[in-house]
Amino acid sequence: MENNERLDEKVLSNGDVYYGDFKGTLPHGKGRYTWLDGTVYEGDWELGKMTGKGEIFWRSGARYEGDISGGYLHGCGTFTKADGSVYKGAWRMNIQHGVGRKEYGNSDMYEGMWKEGVHEGSGRYTWNSGNTYVGNWKGGKMWGRGIMKWVNGDLYNGFWLNGLRHGSGIYRFADGAYYFGTWSTGLMDGKGTYYPAGSKHPSLKKWCSVGYNDKGKTMSSHSLSLAFEESTAPKTFIKRSYSEKVSMGGLLRNSGRISNRATSLDENWSLFDSERELVSHESSSGVPEVPEERQDKMQDDSSLVYEREYMQGVLIRERIRTYEELMHKTKQKNKLHGKEPKKRPCMDMPLGDRSYYLKLNLQLGIRYTVGKITPVPKREVRSSDFGERARIRMFFPKKGSQFTPPHYSIDFYWKDYCPMVFRNLREMFKLDAAEYMMSICDDDGLTELSSPGKSGSIFYLSHDGRFVIKTLKKPEVKVLLKMLPHYYCHVGDHENTLITKFFGLHCIKLMGGRKVRFVVMGNMFCTELRIHRRYDLKGSSLGRYTDREKIDENTTLKDLDLAYVFRMDKSLREALFKQISLDCMFLESQQIIDYSLLLGLYFRAPEQLKALLSLGGAMVNEESSSTGNGWYYHVLSINVATNFSKFPKQCLDLILSEFVRDNNTNGP
């Protein structure tokens with residue numbers, strides 16, 4: 001039987017005062033504790049710790065009422081600050097964490113998920129101006145899929161990054177006009193289509209909800225639906241009944257263990273209910289979508305649409321089409337993409353399931369190889385590491401073996417070429433083994449790309465876009481293995497080499513099939529910045545131009561298409577030319593004559609240059625940063641791309657300085 005002693009008041013040696021129940025010499029039960037600075041806690045105690053229900057009053061006027069565990073705000077509670085802001089929701093160790101609602105002192109309001117004191121997950125924010133955002137958050141900023149509705153009637157439904165529109169989206173204007181397109185750091189960037197008010201436009205409910213995926217890669221500019229019930233995003237319902245421990249850091253002097261108590265809120269709340277409410281309210285506010293059966297009866301002048309291309313918010317190109325022309329063009333593209341691809345000469349196997357098996361086998365093999373070679377102590381490579389016997393071979397039965405795990409593919413044989421050499425190359429390129437495996441062997445898998453060349457090879461892209469994997473023919477493998485010792489020395493001697501980064505060379509043989517050989521390379525266009533133009537430069541003018549009618553966002557342009565004047569820092573230019581010369585000498589020494597320079601350009605609007613120069617002004621000449629109304633561009637990356645016996649044109653990163661287009665040239 002517990003013996004609690006009741007005292008009227010006890011003054012502690014540090015000047016604090018406690019009044020309430022005791023168990024022995026420790027506060028236990030109900031009690032009131034007053035600190036010397038005027039802070040007061042009144043509530044439950046457990047063996048000297050504030051644990052249970054209670055209230056805390058700070059001298060500043062702030063107040064908390066709710067669950068407390070081991071001296072921490074932990075569970076469910078309401079915190080009111082002196083400025084009038086009120087947070088009601090989940091806490092963990094004094095941090096807002098979980099589901100909660102906060103009304104700010106300026107009348108803004110956020111309702112949704114919190115993580116470590118900031119908005120993260122699904123949530124709804126309403127500004128005091130009346131603007132509303134419903135969607136995903138990360139680190140306290142709008143990030144991912146979301147809808148923003150402005151008080152003037154405009155609405156954006158699409159993807160966000162770091163608080164700005166970034167990726168594919170649909171913008172609906174207050175007058176009923178629509179723009180389907182892409183954005184970059186808050187500005188229209190890339191190709192899109194503008195549908196004037198009252199004109200025909202696609203049925204929004206039929207558009208697929210794709211665009212910038214979780215990896216940040218653009219997929220389609222005509223691909224977002226205002227109907228969230230059609231969304232591919234999971235309909236995650238967030239309830240205010242939960243048992244997770246939630247909270248905000250070191251507000252109290254007392255610290256101690258964390259209680260496992262479950263706390264709960266009575267209300268249920270769904271983010272997607274809020275989204276549907278927002279969209280349905282918009283659709284009923286005088287800007288209805290035109291039914292398809294009525295669209296067909298519209299006059300011809302109302303069916304005009306505008307294909308546009310923006311660069312950093314500036315309209316650079318516009319083409320007027322009829323709605324019927326645009327739909328015909330879209331159907332032709334879909335028909336083209338829907339055609340069954342030709343069989344690749346590099347392997348005699350049907351596509352479909354076999355393609356899935358190849359991707360799965362690649363992941364299994366690379367995971368096995370990297371896991372096997374990484375623990376080996378680092379050492380300098382020997383001549384034997386490049387020899388015929390420098391191979392790792394393994395059989396992967398479907399049921400698994402003593403050395404391999406069971407898997408969902410078919411039985412296959414795996415061969416890894418020169419494992420110690422490529423292990424050291426990955427370290428030279430500052431690539432962590434765990435990052436390498438996570439990128440290629442992640443559950444999201446590999447994405448098959450259409451071949452940009454005539455070789456018929458298969459290309460795969462890692463889920464984060466960092467690596468390109470290409471199938472090779474046997475002669476190509478022989479060329480690469482023959483030059484590998486010299487390549488290893490070259491990249492070791494020249495850190496800024498522009499020659500392709502190779503990370504691994506592998507071979508798979510499916511039961512009853514031919515051998516399929518792969519090389520893993522770096523992807524220089526893996527960046528958060530948008531690549532506006534890319535060029536494959538051979539230093540020749542013969543046939544080196546592109547038909548304007550065939551150019552789209554993903555077209556790789558040629559020498560005669562490049563009409564810019566590059567103004568670079570003198571020392572950087574000299575370093576670049578020297579490296580290009582060294583790389584060309586290396587390729588010549590290997591008797592390789594088919595190579596090119598792959599160049600990627602990122603365009604910046606003039607108003608963005610000031611901030612850029614403040615960060616990297618030392619790399620830009622003063623005279624080149626004050627050229628009036630010219631466009632400013634950034635050379636994002638440049639690389640010597642080689643073709644070893646029709647080898648893939650891939651690339652390395654080399655960040656260069658700013659350069660400015662000559663004002664006499666016409667258009668970007």
Whether the side chain of [X] engages the backbone of [Y] through a donor-acceptor N/O pair (distance < 3.5 Å, no angle test) should be reported.
X: Ser462; Y: Phe467; value: yes
X: Gln363; Y: Asp442; value: yes
X: Asn157; Y: Ile170; value: no
X: Asn128; Y: Asp108; value: no

For the atom pair [atom1] ([X]) and [atom2] ([Y]), what is the distance rounded to the nearest 0.5 Å?
X: Lys102; Y: Tyr110; atom1: NZ; atom2: OH; answer: 12.0 Å
X: Ile56; Y: Thr39; atom1: CD1; atom2: OG1; answer: 8.5 Å
X: Asp21; Y: Lys30; atom1: CG; atom2: NZ; answer: 9.5 Å
X: Thr34; Y: Asp16; atom1: OG1; atom2: CG; answer: 8.5 Å
X: Leu431; Y: Arg466; atom1: CG; atom2: CZ; answer: 5.5 Å
X: Trp183; Y: Arg165; atom1: CH2; atom2: CZ; answer: 7.0 Å

Closest contact, heavy atoms only, [X] versus [Y]:
X: Thr374; Y: Ala433; answer: OG1-CB, 3.6 Å
X: His166; Y: Ser184; answer: ND1-CA, 3.5 Å
X: Glu427; Y: Lys378; answer: OE1-CE, 3.0 Å
X: Cys526; Y: Gly465; answer: CB-O, 3.1 Å
X: Lys138; Y: Trp143; answer: CB-CB, 3.5 Å
X: Ala174; Y: Asn152; answer: CB-O, 3.3 Å

Candidate pair Asn131 and Trp150, rule side chain to side chain contact (heavy atoms under 4.5 Å, CB included), full reasoning: CA-CA 5 Å; Asn131 299 337; Trp150 287 268; 3.7 Å; yes

Basic-acidic side-chain contact under 4.0 Å: Arg172, Asp154: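 Salt bridge absent between Arg172 and Asp154.
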
Check ion pair Lys430-Glu495 (N to O, under 4.0 angstrom):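 Yes.
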
Side-chain heavy-atom pair [X], [Y] within 4.5 angstrom cut-off:
X: His97; Y: Glu116; result: yes
X: Val151; Y: Ser129; result: no
X: Arg534; Y: Leu601; result: no
X: Ile68; Y: Tyr41; result: yes
X: Ile366; Y: Cys441; result: yes
X: Val17; Y: Lys10; result: no
X: Ser85; Y: Glu103; result: no
X: Arg124; Y: Tyr133; result: no

Between [X] and [Y], is the ring centroid distance below 6.0 Å?
X: Phe173; Y: Tyr179; value: no
X: His28; Y: Phe22; value: no
X: Trp114; Y: His119; value: yes

Tyr125 and Trp137 aromatic ring geometry - parallel, tilted or perpendicular at 30°/60° bounds: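 Rings of Trp137 and Tyr125: tilted, as their planes differ by 30° to 60°.
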
Whether Trp45 and Tyr33 hold their rings parallel, tilted or perpendicular, with breakpoints at 30° and 60°: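 Ring orientation of Trp45 relative to Tyr33: tilted.
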
Test log, rule side chain to side chain contact (heavy atoms under 4.5 Å, CB included), inputs Asp44 and Thr51: CA-CA 6 Å; Asp44 297 332; Thr51 300; over 6 Å; no

Verdict with supporting geometry, Asp189 and His532, side-chain hydrogen bond (donor to acceptor under 3.5 Å, both in side chains): CA-CA 9 Å; Asp189 203 5; His532 293 104; 2.5 Å; yes

Qualifying residues under side-chain hydrogen bond (donor to acceptor under 3.5 Å, both in side chains), relative to Tyr310, sequence neighbours excluded: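 Residues passing side-chain hydrogen bond (donor to acceptor under 3.5 Å, both in side chains) with Tyr310: Arg308.
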
Residue among Asn523, Leu449, Val520 satisfying side chain to side chain contact (heavy atoms under 4.5 Å, CB included) with Ile469: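 The passing option is Val520.
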
Donor-acceptor pairs under 3.5 angstrom involving side-chain atoms of residues 75-82: please list them, not counting sequence neighbours.
none

Full working for side chain to side chain contact (heavy atoms under 4.5 Å, CB included) between Met438 and Glu435: CA-CA 5 Å; Met438 286 290 292; Glu435 292 181 7; 5.6 Å; no

Neighbour count >12 (heavy atoms, 6.0 Å) for atom CE, Met428: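 Check passes, neighbour count above 12.
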
For Arg63, side-chain contact (heavy atoms from CB on, under 4.5 Å) partners two or more places apart: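 Once residues adjacent in sequence are excluded, the partners of Arg63 under the side-chain contact (heavy atoms from CB on, under 4.5 Å) criterion are Glu55, Phe57, Glu65.
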
